[in-house]
Structure formats: structure tokens, C-alpha cells
A.B. asks: 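My questions will all concern the structure given below.
All chains are named by letter (A, B, ...) in the order of the sequence lines, taking the proteins before the strands, and each is independently numbered beginning at 1.
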Protein chains: 2
Amino acid sequence: MGKRVTINDVARTAGVSRQTVSRALNDKGEIDSSTKQRVLDAARELGYRPSRFARGLVRQDSTTIGLVIPDLLNPFFTEVAHGALEAARARGWHVIVYDTADSTDEERRTIEVVVSQVDAVVGYFSLAEAELDQHLSGMPVVLIGRDHQTPRFSSIHIDGEKGVHEAVDHLVAAGHRRIGMLDHVSRVKPSPSLRRVWFTDAMTGHGLDATVVGHTAQSVDGGAEALTELLAEHPDLTAVFTYNDVVAIGALRAARRLGLVVPKDLAVVGFDGLQLGTVVDPALTSVALDTTRIGALAIEQAGRLLAGDAQLPPEELQVNAVLLVRNSA
Amino acid sequence: MGKRVTINDVARTAGVSRQTVSRALNDKGEIDSSTKQRVLDAARELGYRPSRFARGLVRQDSTTIGLVIPDLLNPFFTEVAHGALEAARARGWHVIVYDTADSTDEERRTIEVVVSQVDAVVGYFSLAEAELDQHLSGMPVVLIGRDHQTPRFSSIHIDGEKGVHEAVDHLVAAGHRRIGMLDHVSRVKPSPSLRRVWFTDAMTGHGLDATVVGHTAQSVDGGAEALTELLAEHPDLTAVFTYNDVVAIGALRAARRLGLVVPKDLAVVGFDGLQLGTVVDPALTSVALDTTRIGALAIEQAGRLLAGDAQLPPEELQVNAVLLVRNSA
DNA sequence: TTGAAAGCGCTACCAT
DNA sequence: ATGGTAGCGCTTTCAA
């Protein structure tokens, strides 16, 4: 650990005071240009770099937000992260990205350290609010895709109801009556997903049977497997709605393996509206979320919490889904 | 901006000195447990959170590394980022991710701020070393996929030669003779890519013509378009090697549109070996890079630079490609 | 077990 | 144009 070069070393070398060094380095006026040059030269020669901490301590600005996501390799979260990064950059804030590897233990470890590293935290959590609150004491927290109970938390609400209804309407209008779903049940909260609830509502609204539901892991392979099983039990299905796009892509593959042509023999509708849906063939029809906006909103809300500003009204903290019709349905 | 709650406020409220507060909060021994509880209660009540800066200033540990990538939405960079995050977490370091939106201007803006935010920087840069050096003065820099000239820089070298040779060998062994390439030429450095050079070498090694090369943008649509054009000019091609997997996926789509069955009518080989290659059908055969290792290596090397430790030998700072045979060739 | 004093590296403010 | 002084919020000696 080489000794750190401080502003004092530079000052001594350049034969000036620290304040003059500070002026030269921060491009303040009120300094002779030859002095400035001498200081800059000395700094360069010594390999001087100002301490972030000392700077941060004295200039109370610099905001850092922690973004916690379950899996950076999942394109959905990448899109959200992209939106958050963009929004943060526009404000001159930093974002530290934490990947909890979809593991509760890793999430625990993350919230334990995050508290000393950032000013506010936004993202996806599976832990109970009590536990989050305990570790994240006093720090603003914005939950994404999960409503908060404790008042000191905040959340970005994802409302897919309208979009899912549009999707079912679309399928029904195309003549589909026997529509199945590939649902995903989280290990943490083992109950039917919200997406399934929306789907059921929409189906019963049309007087259709919404009970044909398979379960799938959140992966391409999982989706392929689940569709194969579902079709084995219900060969009369003409359309399927899936928990998300990744699962839908697996379904697309399985359909092809079974010799079904999408959308003619089987229509497939995903959820999320990822870019990824355009690389498969046929391009995926999906209930689309504005992922960039989700990230941006989370940052915005964190900023307000931090500044003690008025919070966004609930309707602004909500992201609605809309049906994005491409080619698979 | 609500006044910040400091350790002094907690001390006053709890009726102890700051040092005692510090002890309570940092789980040091030498403190009465009732005193400790009183302090903790006061801290919680006031919503106290220690200043990262003050802490960092006094305990000179905490390392933060900046990861600069051109586009978080590109799965290649996401995989690299994933590797970097993982490696950093294992060391207890933080990573701040910067997305330069594939823009030189944005890259300039990034390097201007990055210097005051992190201890070292790793990633993808398009700017000249002189300019990087000027802004990143004194800070360790690890270039990925680009060799360094200046000694104070460091780089992770990507060697795809062996992998590309394997790919061409594989195609030739399958009977292919007329093999084209879809190359990408960067706006910044407009010369044939290294990947093309490797391809040409491999082809001429087999006594084959390596001049059938189309140019493509780095996107699915670009790849589709480029393949269509290339086949229009050279309808006798039986295989194509592409600049990367994203381009290859576009080629896959174009081939299907043209009524060609992959790999029977046209074999397609990508480059990168992304996970993404498994979601398309047929799954993409590709010259694969260990993206996780790239990210991890960059972090490792940055750490050594920071600590003044012995640098990794050049052969360790290199990532080799290998042919990953899936279904498209 | 607790407290007083010093100081981490820097910038802001007020002198000169 | 330059320097002196104070102080950001915290932890780390060292005394008591």
C-alpha cells in the first residue's frame, strides 16, 4: 500500500499553499496562470488524485443510489437498469449496481453492506419489509414491482391489468377460445401471480375458462418444457399467454418442435415487451412494460425522498402495460 | 434539504460522547450494553445514518471501480459486467457502471467525471490513449479488448485467432468451400476488424477465397440486411461467419426469409458465444469468449494496479476463444 | 467503561 | 493573487 499522495505533497512540491492547489485543480479563477501550471505539473508528476471522501465530506452534494436487481443477465432487469442509469446520469448522480443472483442469502448480504455505500436504494427485493427496514434503517427505499406497507418505504407499482385484458381481447377477436397460461410461482411467495389474476379476470370477462394453467421456471428451457406438458394435457389449446417473454420464447421453441406453426396453429403472447422478443421468429407479441420508465421513475422517486420533496402522486408512480402486437399472435 | 443528522446529534440525544456512539454503532466491545442500547435507540429515532464520506476518509479501505461499457442493452457487455460485479463483490469492492451509449461524446463526459468517483477504471474505450491519459491522470486503467501502448495502462487481450480457426476448420470439415463473412467496421477506427483478419488467415490456410465480405451494423436488423445483400451478390455461398452473435441472429432471420434452411442450405457461425444464441432456433454455433472471465480479469488486474502488486503476466491477461458448436453450423 | 483530543484530505471563508 | 483558519463527520489513539 503505497503512501497516499495528498494535496499537501503537491503544495510542498509546487511551493504554494494547499488552497492554491485546490484552486488550480478545480479551475477556480483568482489564480496566476503560471502558478496554476506549476501546480498542475507537480500534481501530475506526483500522480496526485484528490480523495473522493474528503471532497464528498466537504461538498455535501454527490448522490449515490444503489440499484438492487436479481439478475443482470436477465434482459428485463437490464432494461430497467438502463433506464435507471440514464435518469441518474441526467441528474449527475451515481448508481451502484448490485446483483443478488436471485438468492435470498445474497440479498441479505447486499442490504447489509448497501447501507454504508449509498444514499438511497431502489430495486427488487424479496425479503420482508421488517427485515429490510431493520438493515436499511433510515435510508430511502423504493421497491419496484411490489407494493409497500410501511409508510417509510415507497414503491413503483406495475399495473398489467389493462394490458393483459387487451391481450385476451386481441386473442378472442382473432377467434381463440381455448387459451392457456404458463404461470410462474415464486419460491418466496407461493401463490398465483398477479399476472395470472389479471389473465383469469380477462378470461372470465369473456365467459371463457381460465383454469388451463401450467407452471414454469423463469427460463427459456422452463417455458419449453411447460408448454409441452400443457399441450399434452390440453391438445385443444389454440393460444397461450405466458408469465414473461423469456418463458414465451421457450414456448415458441417447443411449439416449433411439436410441429406447430405460430401463430397459425398456436398463438403465443408474452409479458414484458422486451427487445429480446424481436430476435425470435416470429417476433413475440407481448404485454409490454416501459422498462426504461420503470428505472427512471425509481430514480426520480428516490431523489424526492432524499431531498424531502413532495412525493410523486400514486398515479405517477405506476407503470401501465399495453399490448404490443408483433407476429406471434 | 433537511439538516443532516450527525453523530453529534445522536450523542447529545443519548447523553453520551461521540466516541461512545461510534463504539455502539460499530459493534466494538468495551461498552456497557445498556449504554449501547440507549445509543442505538437514539440513532434509530433520529434516523441517523453515518456519512460514507467521513467514514471513508478515516478508514482508507473501501475500493470502488468504475466499469465503462458502451451499451448495457447489448448482452455481450451485460455478460462482461456480470463477471466484473461478481469478482468485485468477492473482494468487497463496489462497481459503478457507466454506459457511454456508444457515443464518443458521452465517453468524454464519462471520463471527466469518473476520475473523482472511483479508484480505478476498467472497460471499453474508443478514445485515444492520450486523451484518456489526460483525464484519467494517475488512475489505474484497464482496457478491455484493446491493447495498450502507454505503459501506465493495462489491457485484457482478446485472442480469437484459435477459435476462428476452429470455426473455419469445422465448416471446411463439413464440406463448405464458399464461406463469406459479415464484418463490422467501427466508426472510430475504420479498418478491417481483427476478427476479419483471423478469418482471412484461417481461410487462406485452407487455400480458400476469403474475399467475400459484407459490412454490417452491430444489430440484428443490420445483420439481416447485410446477409441479404451478400447472398444477392454471391448466391453460391454455403456458409457465413459473422462479426458477432447479434449480427448472426439477424443473418439467421434473413436466411429464413429467403427460404434457406440453416444449417442445411446455409451454415451460420457467430462470435461471442452469448447465452442469447440459445434462444434462437437453430441455436447459434459461435466462436465463444468466456465473458465472465473477461470481467473478472479486468477487476483482478485493476486491483493489482491499485495495490501496487505484481501484475499478471501477459498470458494470464488474455482470453482465448473456442468454437462452441450448437446447431447453426 | 467512557471521554478528550487529534486528524483523515479537502474546500469555504476571510484575511492579506 | 495567495495564504491562514476553520470545519465537514467520523474513527483512532490515549487518558481518565
A.B. asks: Between dT2(D) and Thr35(A), is there an OP1 or OP2 to side-chain N/O distance shorter than 4.0 Å?
C.D. replies: yes
A.B. asks: Can you find a side chain N or O atom of Thr20(A) that sits less than 4.0 Å from OP1 or OP2 on dG3(D)?
C.D. replies: yes
A.B. asks: So do Arg49(A) and Val5(A) actually touch side chain to side chain, heavy atoms under 4.5 Å?
C.D. replies: no
A.B. asks: So, the side chain of Glu86(A) versus the backbone of Asp99(B): is there a donor-acceptor pair under 3.5 Å, distance only?
C.D. replies: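 No, because the side chain of Glu86(A) does not come within donor-acceptor range (under 3.5 Å) of the backbone of Asp99(B).
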A.B. asks: Salt bridge or not between Asp9(B) and Arg12(B)? Use side-chain N to carboxylate O under 4.0 Å.
C.D. replies: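 Yes.
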A.B. asks: Reading nucleotides 4-13 of chain C 5' to 3', which nucleotides get B (base under 4.0 Å from a protein heavy atom), which S (sugar-phosphate only), which -?
C.D. replies: BBBBBBBBB-
A.B. asks: State, without any angle test, whether Gln311(A) and Gln301(A) hold a side-chain donor-acceptor pair at a distance under 3.5 Å.
C.D. replies: yes
A.B. asks: Can Asp41(B) and Arg44(B) be said to form a salt bridge (charged side-chain N to carboxylate O under 4.0 Å, His left out), step by step?
C.D. replies: CA-CA 5 Å; Asp41(B) 289 345; Arg44(B) 164 159 306 246; over 6 Å; no
